[in-house]
2 protein chains.
Amino acid sequence: MLNPSLSPDAAAPLFAALGDPTRLSLVRRLSDGEARSIARLSEDTDLTRQAVTKHLKVLEGVGLVSSTRSGRESLFALQPETVGAARDYLASVSRQWDDALGRLRAFVE
Amino acid sequence: MLNPSLSPDAAAPLFAALGDPTRLSLVRRLSDGEARSIARLSEDTDLTRQAVTKHLKVLEGVGLVSSTRSGRESLFALQPETVGAARDYLASVSRQWDDALGRLRAFVE
DNA sequence: GAAAAAGGCAACTTTTTAGTTGCATGTTTC
DNA sequence: GAAACATGCAACTAAAAAGTTGCCTTTTTC
């Protein structure tokens, strides 16, 4: 399947999760592949730990990150396949536009 | 520039705009390259015309669509460069992850 | 085993967002 | 020029999101 691409209803929650600066920062910071604890992820921000926790739950809810408990801390890691799904959705939008432009060009010639 | 990629603060509003099913549908429908009037875009939905108008303004606010007045109607068209910017942001997240994975592999061998 | 560290849970406030209704304005069409 | 069409503007409601505070439980560390 080259152009299955999620339905807008399925993809929107993904973008909504990415559409908050705090959450997008978290995704960015986790994109180096390392798993991090909530405490660690709460360090470089002025938000409370609970606020960060909520954001992580949102990201986990749409599958952008996953968490595992390790002793007294819970580690969050990026789920790259889901990032890829969001990226692919936009790629399919781009491609549809490019195809349309191509057809227009062909028609003019 | 291969990896400029917007800052999370700059990119988040883009994803937020895409993070609503109605708006993502509008983007999808406009991705064929054709410009459409508000009335036209309001046809296949149960929302009121005003609601659709608001969504279009949000999309226009982040540069995902542009509008031009033509007589009594205003036509909205997709702004593919902005879609590309959002896509590229996610691509850079993906790539960062892939690179990290690559280094890990190299280290293990 | 007591103190410190990491986190979970729940109630609550504030702000933002989605959506509506009502009415006014500019354009076409007959 | 009157009716129909397309849109703009503003006030308002309702619901969701972001963030906080307070307190309780589990795990480490000395």
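Heavy atoms only: backbone and side chains are in, while hydrogens, waters and symmetry mates are out. Letters go in sequence order (proteins before strands), and every chain restarts at 1.
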* Asked: Counting only non-hydrogen atoms, which of residues 35-42 of chain B are less than 4.0 Å from DNA chain D?
  -> S37(B), I38(B), A39(B)

* CG on L14(B) to CG on L64(B), rounded to 0.5 Å -> 5.0 Å

* To do: Salt-bridge test for D32(B) and R28(B): reply yes if a basic N is under 4.0 Å from a carboxylate O, no otherwise.
  => no

* To do: Find the bend of the helix from dG1(C)-dC30(D) to dC30(C)-dG1(D) as the angle between its two terminal axes (five pairs each), to the nearest 10°.
  => 30°

* May I ask you to say whether R87(A) pairs ionically with D88(B), meaning some side-chain N is under 4.0 Å from a carboxylate O? => no

* Among residues 52-63 of chain A, which contact DNA chain D at a heavy-atom distance under 4.0 Å? -> K54(A), H55(A)

* Distance-only, no hydrogens or angles: does the R23(A) side chain make a donor-acceptor pair with backbone N or O of P21(A) under 3.5 Å? -> no

* May I ask you to decide if E34(B)'s main-chain N or O and R36(B)'s side chain share a donor-acceptor pair within less than 3.5 Å? => yes

* To do: For R69(A) and S74(A), indicate whether the former's side chain and the latter's backbone hold a donor-acceptor pair under 3.5 Å.
  => no

* For side chain to side chain contact (heavy atoms under 4.5 Å, CB included), just list the numbers for L59(B) and H55(B), CA-CA rounded to whole Å, side-chain angles, deciding distance to a tenth of an Å, and then say yes or no. => CA-CA 6 Å; L59(B) 291 172; H55(B) 283 301; 5.5 Å; no

* Where do K54(A) and V58(A) land on the side chain to side chain contact (heavy atoms under 4.5 Å, CB included) test, with the steps shown first? -> CA-CA 6 Å; K54(A) 277 197 181 181; V58(A) 171; 5.7 Å; no

* Asked: Which residues pass the side-chain contact (heavy atoms from CB on, under 4.5 Å) test with A39(A), sequence neighbours left out?
  -> S37(A)

* Check whether any side-chain N or O of R29(B) sits under 3.5 Å from a backbone N or O of L41(B) as a donor-acceptor pair, and report yes or no. => yes

* Structure fact -> Contacts of E73(B) and A16(A) projected onto DNA chain D by closest heavy atom; the upstream (5') one is E73(B)

* **Inter-residue atom distance L56(A).CG - F76(A).CZ, 0.5 Å rounding** => 4.5 Å

* To do: Working to the nearest 0.5 Å, report the span between CD1 of I38(A) and CG of L75(A).
  => 9.0 Å

* Please find the earliest and latest nucleotides of DNA chain D, in the 5' to 3' direction, that have an atom within less than 4.0 Å of any heavy atom of chain A. => dA18(D) to dT28(D)

Which atoms of nucleotides 22-26 of chain C (N or O only) lie under 3.5 Å from a protein N or O atom, and what are those distances?
| residue | atom | partner | partner atom | Å |
| --- | --- | --- | --- | --- |
| dG22(C) | O6 | Q50(B) | NE2 | 3.2 |

* Nearest-angstrom distance from the residue atom CG of L75(A) to P of dG8(C) -> 11 Å

* Mind checking whether F15(B) and F15(A) have parallel, tilted or perpendicular rings, split at 30° and 60°? -> parallel

* Asked: Is there a donor-acceptor pair closer than 3.5 Å between any side-chain N or O of S92(B) and the backbone N or O of Y89(B)?
  -> yes

* Reckon T48(B) has a side-chain N or O less than 4.0 Å from the OP1 or OP2 of dG19(C)? -> no

* Using modelled atom types only, decide if a donor and an acceptor are shared between the side chain of T48(A) and the backbone of A51(A) within a distance under 3.5 Å. => yes

